[in-house]
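Worksheet: one structure, shown below.
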Amino acid sequence: MNRISSLLAVIPAIILSLALGQQAYAGDINVRGKVVQQGKNEPLEGVVIFDAETDQLLGTTNAFGEYSVTIDENGTLLFTVLASKDLEEPVNGRLQIDVALFPDAQSLRELVVTGKNQNKGLVLPPADLILEGNEISLKTLAKIPHQFFSSGVRVIFQPAIYNVTRRTLHYLTPVVFDGKRYDITQRRMLDWQPELDPLHDFVSVKKTSRRMDDTVYIVDRLYVDSPKDDFLCVVMSSMENYNRIIYTDTTQIARGTKNPLRFLTYNLNGVVMTDEKYLPKPEVQLRDTSGEVNLVFSLGKSNLDLGLGNNAAELDKMLAEFRTIQSDPDMMLKSFAITGTASPEGTYASNMNLAKRRMQSALEAVTRSMPDGMRRNATIHSDASVATWEQVEELLREDGHIEEADAVRAQIDRNAGSIDRQSRAMRSLPFYKTLLAEQYLPRLRKVEYQIVSSRYRPLTEEEISALYQANYKELSKYNFWKLYSNTPDTVLREEIMTRAVEVHPDFLAAANDLTALQIDLEKSDEAVLEPFFADWNKVKKLPEEARYNMGVASMAGNHFSYADSLLYELPDTPEFHKAKIYSAALNGRYTTVLQEIAQESPFNEVLLLLALQDNNRAWEKAQGLGESAEEEYVKAIAANRMANTDLSYAYLFVEASTHLANAIHQKPELIDIARIDGDICDLLDDDGNLPDDDYDEGSN
């Protein structure tokens, strides 16, 4: 007996044995434990456990990988399950035995039963795994020869789809076929309760003549999160009477999925947020603004002469600033600083005294005109200083008087340490009166005011940029939005948006605009918008732009069903229309969009015809395609389908092989798709390569 069978296939026998009662013998012990997959440490469900010495079926693991069986204390447990290596474990009197099974994808191929004689076994013809969106559909039949089937047995077909890429097994709906006598006996069995039979809902009873073969249909669908993975389909079949399993086999009926739309080409653009409801509003912050006023004085004078220079205009500017501060409820005077400066000619002591008088007289004039409240809340600083001859030198150089500046520098160096000696020495310079005294020294006799006010206002773009560079985590939503909206550089804009979502996880506009940008860059990431779509009941309340971008990102992430659910609800506007039709196609609604997609792309038209199983038209249209790698590959699919479905086109098998070879020679990585493509993999040899050394895998 083949020990590999599904959980559902062995449950009836287990229930029956429990109903009839199991007799324990001296030396038997109850052993419990857990079975996990080696490496991943994940519990394995449906592991079948035998007594290795007697081949007696003992039990199976549950959904948590747990089991409980009765066996001789000196016996040996055999653990076996599809896609894992068998493991024998001596009991040695232990009551707790936990084991880990090694994955063994190759065991699936070893289990394939081929060439069964119809009179000796169940017949399971090859089938197709059709991928539509995120669902794999299986439609096939199993033939039960009447010579093989008696009225007192039950036949169980347990189809399963194995994800070769991820090494996971998914059971489909079982098909159970009972003989008439088996069904009657079940119903008459003492204390038998059909509802306790886990297979009861799947049972059909033989109604045909006992000399007629029977056909049962296996039809089911499986949602897969990763449609680009490699899949195969096996059917575990078993036949049992009232006491034991009398026949069991596992047959591979399909390898690879038929999914021509894996090559569907389209280009979609992201949509930035325009819904005012979700855009951040301008925010004001208390920011400092400074302004300066410069007043000049005559030689030796401390009184302010409004007719001198720009004194009148400068003073008006200062008073206007005070009035602005006083009238604006969002402004306040933070500080007021005044500095009186004297030019360096004469003695330092007299110059410093003059500077102080200038500062004091100007300060008194200003503070008298300053409102009490403003003066009371502001910090007022005052200082007096005497300009240096180094400042005179600097002014000369700025104006291009290099020789004169050098002469001033020479006097400074000769009289270092004493500004009074420097001042006396400067009078000996030939240009002292005409240049220094008349033009440069007056520029140093001044009073400077610095007004610093605080005001609630939005940050300027320059301030936002500076704050971003200093510490981006201090930026508000509005500041982030303002910054990335005015940043033309794509790389920097993506960085700013990413950081905006990092700092403000609930910032929907930034998450939406980041996803839109990634769509344009052809690197969509569903994870950016995913937190906002956690509750499906709230999805329809989200702005259309976010639903659109999430739908397009889901398409790129191969979550076609979810994408179609999002995009289907959007209005059919020019902005959304293209995404809606391609989402419909990828989710299996081919007919409604065939004509429109065909007008846009002959290549996509062939793909949709293949998806519709319209193989004749697909082959006819495919012959008009170009010779790119993808087009050659699709020609191979179309030709191979014709060769496999109509004997009169068997000659196209050679043409299909030629087109496939052309495609792979142009783009060697297509061999990886061919190996998991149910339309193509039969054109490859047993090692998954082109036959006759047409393809050298080393070129990959």
Side-chain angles (χ1 to χ4, degrees), residues 1-17 22 30-72 74-92 94 96-113 121-122 124 156-164 166-172 174 198-199 232-240 244-253:
M1 179 178 70
N2 188 332
R3 295 185 177 110
I4 301 294
S5 60
S6 71
L7 171 63
L8 292 176
V10 299
I11 286 180
I14 297 173
I15 292 179
L16 183 60
S17 64
Q22 288 186 345
N30 294 324
V31 179
R32 296 173 176 81
K34 184 175 183 179
V35 182
V36 299
Q37 185 178 83
Q38 183 73 31
K40 293 185 177 181
N41 203 34
E42 296 175 350
L44 289 175
E45 178 184 4
V47 178
V48 184
I49 305 166
F50 292 90
D51 184 323
E53 298 174 2
T54 65
D55 274 347
Q56 179 185 0
L57 174 67
L58 301 178
T60 62
T61 59
N62 61 18
F64 305 101
E66 301 166 341
Y67 72 91
S68 176
V69 298
T70 301
I71 189 172
D72 186 279
N74 295 315
T76 300
L77 294 172
L78 171 64
F79 300 87
T80 181
V81 70
L82 188 67
S84 293
K85 295 181 179 179
D86 291 355
L87 176 67
E88 290 191 3
E89 184 70 24
V91 176
N92 294 331
R94 292 177 293 169
Q96 176 78 28
I97 299 178
D98 298 328
V99 298
L101 302 185
F102 284 88
D104 184 18
Q106 185 63 27
S107 65
L108 286 171
R109 296 184 179 226
E110 297 170 355
L111 288 168
V112 175
V113 179
L122 306 174
L124 291 160
I156 303 169
F157 296 99
Q158 174 59 73
I161 292 179
Y162 182 69
N163 186 321
V164 181
R166 303 178 190 276
R167 294 184 175 181
T168 55
L169 184 67
H170 306 274
Y171 290 111
L172 302 182
L199 298 177
L232 61 81
C233 181
V234 295
V235 176
M236 292 160 274
S237 54
S238 67
M239 183 179 293
E240 63 181 43
R244 64 187 180 91
I245 298 175
I246 58 179
Y247 167 91
T248 181
D249 270 322
T250 300
T251 307
Q252 178 180 308
I253 63 171

Exercise. Looking at residues at least two apart in the chain, or sitting in another chain, which of them share a side chain to side chain donor-acceptor pair (under 3.5 Å) with Thr76?
Worked result: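 Side chain to side chain donor-acceptor pair (under 3.5 Å) check on Thr76 returns nothing, list empty.
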
For this session: Could you tell me which residues satisfy side chain to side chain donor-acceptor pair (under 3.5 Å) with Asn74, sequence neighbours excluded, listed by chain and number?
Result: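 Asn74: no side chain to side chain donor-acceptor pair (under 3.5 Å) contacts found.
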
Exercise. Would you call Phe157 and Leu124 a side-chain contact if the rule is heavy atoms closer than 4.5 Å?
Worked result: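 In short, these two side chains touch, coming nearer than 4.5 Å.
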
Exercise. Hey, are the side chains of Arg167 and Tyr162 touching, using non-hydrogen atoms and a 4.5 Å cut-off?
Worked result: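 Yes; the side chains approach each other to less than 4.5 Å.
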
Roughly how far, to the nearest 0.5 Å, is the [atom2] atom of [Y] from the [atom1] atom of [X]?
| X | Y | atom1 | atom2 | value |
| --- | --- | --- | --- | --- |
| Thr54 | Ile71 | OG1 | CD1 | 7.0 Å |
| Lys34 | Leu44 | NZ | CG | 10.0 Å |
| Asp249 | Ser237 | CG | OG | 5.0 Å |

Testing the basics here: between [X] and [Y], what is the closest heavy-atom pair and its distance to 0.1 Å?
| X | Y | answer |
| --- | --- | --- |
| Pro174 | Pro159 | CA-CD, 4.2 Å |
| Leu101 | Lys85 | CD2-O, 4.1 Å |
| Glu88 | Leu78 | CG-CD1, 3.6 Å |
| Asp98 | Gln96 | OD1-NE2, 2.9 Å |
| Leu87 | Ala100 | CD2-O, 4.0 Å |
| Gly65 | Pro43 | N-CB, 3.9 Å |

Checking [X] now: which residues fulfil side-chain contact (heavy atoms from CB on, under 4.5 Å) with it, not counting sequence neighbours?
| X | value |
| --- | --- |
| Asn30 | Arg32, Thr70 |
| Glu66 | Asn62, Phe64 |
| Val69 | Val31, Ile49, Leu58, Tyr67, Leu77 |
| Arg94 | Glu89, Ile97 |

Exercise. Taking atom types as modelled and ignoring hydrogens, do the side chains of Thr80 and Asp86 form a donor-acceptor contact shorter than 3.5 angstrom?
Worked result: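 Short answer, yes.
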
Problem set entry | Flag, side chain of Asn163 to backbone of Thr168, donor-acceptor distance under 3.5 Å |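 No; judged by distance alone, with no hydrogens or angles, the pair does not exist.
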
For this session: Please answer whether the main-chain N or O of Val235 pairs with a side-chain N or O of Gln158 as donor and acceptor at a distance below 3.5 Å.
Result: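 A pair under 3.5 Å: no.
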
Exercise. Does the side-chain contact (heavy atoms from CB on, under 4.5 Å) test come out yes or no for Asp72 and Val91, once each step is laid out?
Worked result: CA-CA 8 Å; Asp72 186 279; Val91 176; over 6 Å; no

